[in-house]
Amino acid sequence: MDVYEAVTSRRAVRGFTDRPVPKEVLERVLAAAAWAPSASNLQPWHARVVTGGPLAELKKRAGERLATGDSWDEPEYTMYPPALKSPYRDRRTEFGEHRYGALGIPREDLEARHRASAANWACFGAPAALFCYIDRDMGPAQWSDVGMFLQTVMLLLRAEGLHSCTQMAWAKFHRTVAEIVSPPGELLLFCGMSIGYEDVSAGDARIGRAPLDETVVFVDGV
């Protein structure tokens with residue numbers, strides 16, 4: 001797949017088929033993604049790939065927590081600034097309206113929104129999931145490196161005909177994930193990533209992006 005096509009066709013897919021993802025494909029993707037850039041070649045990412053019985057068990061445990069109204073785990077990092085300013089606040093609001101509007105869920109129907117959100121912890125039906133950890137001692141620059149690694153993984157997945165969805169939501173159930181993948185204590189769960197073949201019947205349309213002149217300034221002396 002052309003690199004531009006991979007970039008522009010990548011999106012957060014929230015509906016997958018149960019078609020298995022071959023292990024050799026995941027190994028090929030992650031071996032290539034290891035070439036993602038990182039400052040001083042620290043390679044601060046730590047990935048756990050979960051499929052089959054272990055993933056089914058994880059989904060089951062997460063579902064049981066949701067069904068009993070169990071509270072989320074204590075946060076280990078701040079996902080969004082407490083006072084999100086414009087234009088970021090506006091973009092987040094637009095995303096929510098787009099996401100729930102596509103599902104036919106009105107703003108005031110909080111129960112339906114919670115049900116839709118719960119699909120996160122079933123990996124939207126995906127047969128494979130990646131959980132990305134980072135050492136607790138790492139700083140902002142290394143978190144940026146992890147982001148570049150994840151983007152590289154997602155683009156390589158597109159080259160394999162696969163889709164993905166990164167999910168900070170899994171950080172809210174980091175203890176449940178730890179029960180399955182047993183990470184060492186010095187690692188912190190940043191996010192999960194659902195991986196699989198898109199269920200095109202889900203009708204999950206992508207959201208747009210800000211115009212170039214809103215995010216980029218060319219300083220060229222012209």
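The analysis underlying the following values was restricted to heavy atoms, covering all of them including side chains, and did not include hydrogens, waters or symmetry mates. These numbers come from a predicted model, not from an experiment.
- Classified by interplanar angle (parallel below 30°, tilted 30° to 60°, perpendicular above 60°), the ring pair F149/W45 is parallel.
- Under the 4.5 Å side-chain heavy-atom criterion for Ile, Leu, Val, Met, Phe, Trp and Tyr, V21 and V49 are members of the same hydrophobic cluster.
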Can you check side-chain contact (heavy atoms from CB on, under 4.5 Å) on M193 and Q167, steps first, answer last? CA-CA 6 Å; M193 180 191 295; Q167 303 160 266; 5.7 Å; no

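- Using bins of under 30°, 30° to 60° and over 60° for the plane-to-plane angle, the ring pair W121/W72 lands in the tilted bin.
- F16 places none of its side-chain heavy atoms less than 4.5 Å from the side chain of D199.
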What verdict does the side-chain contact (heavy atoms from CB on, under 4.5 Å) test give for L150 and L130, after you've listed the backbone C-alpha separation in whole Å, the side-chain angles of each residue and the deciding distance to 0.1 Å? CA-CA 10 Å; L150 291 169; L130 180 151; 4.3 Å; yes

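- Using a 4.0 Å cut-off between charged side-chain N and carboxylate O, R136 and E76 make a salt bridge.
- Using a 4.0 Å cut-off between charged nitrogen and carboxylate oxygen, R65 and D73 count as a salt-bridge pair.
- When atom types are taken as modelled, the side chain of H174 and the backbone of E74 share a donor-acceptor pair closer than 3.5 angstrom.
- Applying the 6.0 Å contact sphere to OH of Y77 captures more than 12 heavy atoms from other residues, nucleotides or ligands.
- Hydrophobic clustering, with ILVMFWY side chains joined whenever heavy atoms are under 4.5 angstrom apart, groups Y80 together with I134.
- Salt bridge annotation for E24-R28: absent, with no cationic side-chain nitrogen under 4.0 angstrom from a carboxylate oxygen.
- In terms of hydrophobic clustering, with Ile, Leu, Val, Met, Phe, Trp and Tyr side chains grouped at heavy-atom distances under 4.5 Å, L30 and Y197 are assigned to a common cluster.
- Using a cut-off of 4.0 Å between Lys/Arg side-chain N and Asp/Glu carboxylate O, R175 and E179 are scored as not salt-bridged.
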